[in-house]
Amino acid sequence: MSIVAKRCGVTFIPPSIILIYENTNTSKMRKRVIPVRSFSQYSERLKHHARHSVYLETVSLAQLERLHLILRDHLKGLSLEESLAARRVSDPSDEDLNKLSDDELNRRKAQMDQLFERNRKHKEDADFVYDLEVAFPEDSVPETCSWDEGQSDEEL
């Protein structure tokens with residue numbers, strides 16, 4: 001059976017993941033309700049569950065984790081808007097990645113890898129330039145950093 005996920009969401013009562021998918025053999029759209037009973041388990045276990053793995057193959061693990069966290073936040077008493085706002089990071093450069101747990105750090109690295117692959121230029125792209133040279137304006141002031149203020153090159 002060949003299945004392509006079209007939409008994925010949650011319901012709060014009962015806590016469930018809703019999957020709308022298309023069976024490519026029959027070209028029919030169907031809906032599957034996957035109850036989430038244990039919040040101690042990670043979304044990866046749900047994705048590899050014997051009963052649901054066929055349906056969740058085309059759903060990314062990151063999306064399942066987001067839905068799982070939204071359900072968990074709802075059980076803690078947070079509204080949907082509060083939960084979604086907590087998931088958004090205003091400026092990733094302001095965040096100290098050294099203070100994150102290993103799991104959270106791996107998630108952030110995976111997000112950065114996805115962003116890199118999305119923005120990456122391949123040789124097959126129409127606007128690909130092999131040796132791109134960028135001229136920076138002369139009137140711009142170079143940024144200084146505290147570690148630049150130390151010893152000069154001659155002193156080393």
- request: Determine whether E117 and Q114 make a side-chain contact, defined as any pair of heavy atoms from C-beta on separated by less than 4.5 Å.
  value: no

message: Just verifying a value: how many Å separate R32 CZ and L56 CG, rounded to the nearest 0.5 Å?
response: 8.0 Å

- prompt: Do the side chains of L78 and V36 join up, straight or via other hydrophobic residues, at under 4.5 Å, putting them in one cluster?
  reply: no

message: Checking one residue: I20. Which other hydrophobic residues are in its cluster under the side-chain 4.5 Å linking rule?
response: M29

- request: Output, in order, the C-alpha distance, side-chain angles, deciding distance and verdict of side chain to side chain contact (heavy atoms under 4.5 Å, CB included) for Y21 and K6.
  value: CA-CA 5 Å; Y21 64 93; K6 295 295 182 180; 5.7 Å; no

message: How long is the straight-line distance from CG of N106 back to CD of Q111, given to the nearest 0.5 Å?
response: 11.5 Å

Euclidean distance, R107 CZ relative to E104 CD, rounded to 0.5 Å: 5.0 Å

task: Side-chain contact test, heavy atoms from C-beta onward, threshold under 4.5 Å: evaluate it for K31 versus I18 and give yes or no.
output: yes

- request: Could you grab the distance from atom CZ of R120 to atom CZ of F128, nearest 0.5 Å is fine?
  value: 9.5 Å

message: Please evaluate residues L75 and R72 with respect to the criterion side chain to side chain contact (heavy atoms under 4.5 Å, CB included), reporting the C-alpha separation (whole Å), side-chain torsions for both, the decisive distance (0.1 Å), and the verdict.
response: CA-CA 5 Å; L75 288 179; R72 189 181 317 167; 5.8 Å; no

- request: Would you name the heavy atoms of T11 and L71 that are closest together and state the gap between them?
  value: O-CD2, 3.4 Å

message: When you measure from the side chain of D125 to the backbone of H122, do you find a donor-acceptor pair of N or O atoms at a distance under 3.5 Å?
response: yes

query: Is the number of heavy atoms from other residues, nucleotides or ligands within 6.0 Å of CG (N119) greater than 12?
result: yes

task: Taking all non-hydrogen atoms of both residues into account, name the closest pair between A5 and L19 and its distance.
output: CB-CD1, 3.7 Å

task: Flag the pair V10 / S16 as yes when at least one side-chain heavy-atom distance between them is below 4.5 Å, and no otherwise.
output: no

task: Using a 4.5 Å cut-off on heavy atoms from C-beta on, say whether the side chain of M112 contacts that of L97.
output: yes

R108 CZ to D113 CG distance, which is reported to the nearest 0.5 Å: 14.0 Å

query: With a 4.5 Å limit on heavy-atom distance, are the side chains of C8 and Q63 in contact?
result: yes

- prompt: Under 4.5 Å between side-chain heavy atoms, hopping through other hydrophobics if needed: is there a path connecting I13 to V33?
  reply: no

message: Which residue is it: T24, N25, T26? I am looking for the one with a side-chain contact (heavy atoms from CB on, under 4.5 Å) to K28.
response: T26

- prompt: Once you round to the nearest 0.5 Å, how far does CG of L80 lie from CG of D73?
  reply: 10.0 Å

